[in-house]
Number of protein chains: 2
Amino acid sequence: MSEPTDTPCPVPASITAAWIGLMRAQRIVLAAIEADLKAAGLPPLGWYDVLLELARAPEGRLRPFEIEKRTLLTQYNLSRLIDRLEGKGLVQKELSGEDGRGRWVVITQDGRAMQARMWTVYSRALSDHVGRKLDASSADALAGLLAKLTD
Amino acid sequence: MSEPTDTPCPVPASITAAWIGLMRAQRIVLAAIEADLKAAGLPPLGWYDVLLELARAPEGRLRPFEIEKRTLLTQYNLSRLIDRLEGKGLVQKELSGEDGRGRWVVITQDGRAMQARMWTVYSRALSDHVGRKLDASSADALAGLLAKLTD
DNA sequence: GCGACATAGATGCAATAGCATGTACCTGTT
DNA sequence: AACAGGTACATGCTATTGCATCTATGTCGC
């Protein structure tokens, strides 16, 4: 006669609490930030990530696979996101001379302007939805703990 | 002649580090867990969330709007997720007598079995991808810091 | 140089998410 | 009772995502 295990849970409660908190916090804060961007008539955060990487890159250009690594976007989603960015004139695609398989993605002036415009809204949203909730030492501690999850 | 502000950033570095860490950690861990579920031939995590709430509810039934609050799903996404769950025989929809607008969503035996089956995989994934990375006190600390973000 | 395999990127198609709106029904006011 | 909201849920349409696969090129061993 075995004990009925109502919750057959080999996972410590502290672990599940951390995981649920991680999901909740990310969703809630992300939704709040996206809402602020949308309210300002700006595109979603994914666009910003790509534009920022390009803006920081030497000559404002990167290969798609480099963007992919930096942003955690999947290959097929990035391929289409780049098409959308190009459609809005924020980036240009160029053929790569060295590697016949490759393309260059180059940020345009409009793209740099959009990145800057998005940052004004994004930074304020970050202050509102993250900065207001955490002091510097808490933020450091949080970043440190989260980093443990990603190696 | 004004100084060029290379990074016009009123947001403390510790705040952006925490935010980027939050996004990265959530995406990486979620992707790992979803991959484990898929590898086991099981449906995505969203299904589990709904099934768990139903399994825990008295008589295994909830109104859609109750599920909505508990899971952070949007109304329209939940409406269709419930249809998919019903299509697989994991829940049933019943008309509500008291409130003519309402429906009940009732978990079936198959639904309970699926929730249990998913938990065996999910709990192992949690141990692998979270438990292995954090000791109990770190997990508690992380949960506490994340909770600060969501009030 | 040729074949086998890897890498970079694109794309057709099915599934899901987002948005706006629609349909019922409820609740309060006059 | 009639009306004016408000709440609960569904749904048509479009946009995005996920998956599998395709094309093109590069690399390595022989």
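Convention: sequence-line order gives letters A, B, ...; per-chain numbering from 1.
- Separation of atoms CG (Asp49(B)) and CG (Leu72(B)) is listed at 9.0 Å; rounding is to 0.5 Å.
- Rounded to an integer number of Å, the gap from CH2 of Trp47(B) to P of dA17(C) is 11 Å.
- In this structure, Arg84(A) places its CZ atom 14 Å from P of dT11(C), rounding to the nearest Å.
- Residue Leu45(A) contributes atom CG, which lies 12 Å from atom P of dT17(D) at whole-angstrom precision.
- Distance, Leu30(B) CG to dT17(D) P: 15 Å, rounded to whole Å.
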For nucleotides 7-13 of chain D, 5' to 3', base contacts (B), sugar-phosphate-only contacts (S) and non-contacts (-) with protein non-hydrogen atoms under 4.0 Å give BSBBBBB
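- In this structure, the separation between CE on Met114(A) and OG1 on Thr108(A) is 9.5 Å, given to the nearest 0.5 Å.
- Rounding to the nearest 0.5 angstrom, the gap separating the CZ atom in Arg27(B) from the CD atom in Glu34(B) is 14.0 Å.
- Ion pairing between a basic and an acidic side chain is recognised when a charged N comes within 4.0 Å of a carboxylate O; Lys93(B) and Asp83(B) show such pairing.
- For the pair Arg103(A) (side chain) and Arg63(A) (backbone), a donor-acceptor distance under 3.5 Å is absent.
- Protein atom CZ of Arg27(B) is 10 Å distant from nucleotide atom P of dT17(D), rounded to whole Å.
- Note: CG (Leu37(B)) to P (dG18(D)) measures 15 Å, nearest angstrom.
- Spacing between atom CD of Glu98(B) and atom P of dC26(C) amounts to 11 Å, rounded to whole angstrom units.
- Between the CG atom of Leu95(B) and the C1' atom of dC25(C) there is a distance of 13 Å, given to the nearest Å.
- Within the 4.5 Å cutoff, the side chain of Leu134(B) has heavy atoms near those of the Lys148(A) side chain.
- In terms of phosphate contacts, Asn77(B) brings no side-chain nitrogen or oxygen within less than 4.0 Å of OP1 or OP2 of dT16(C).
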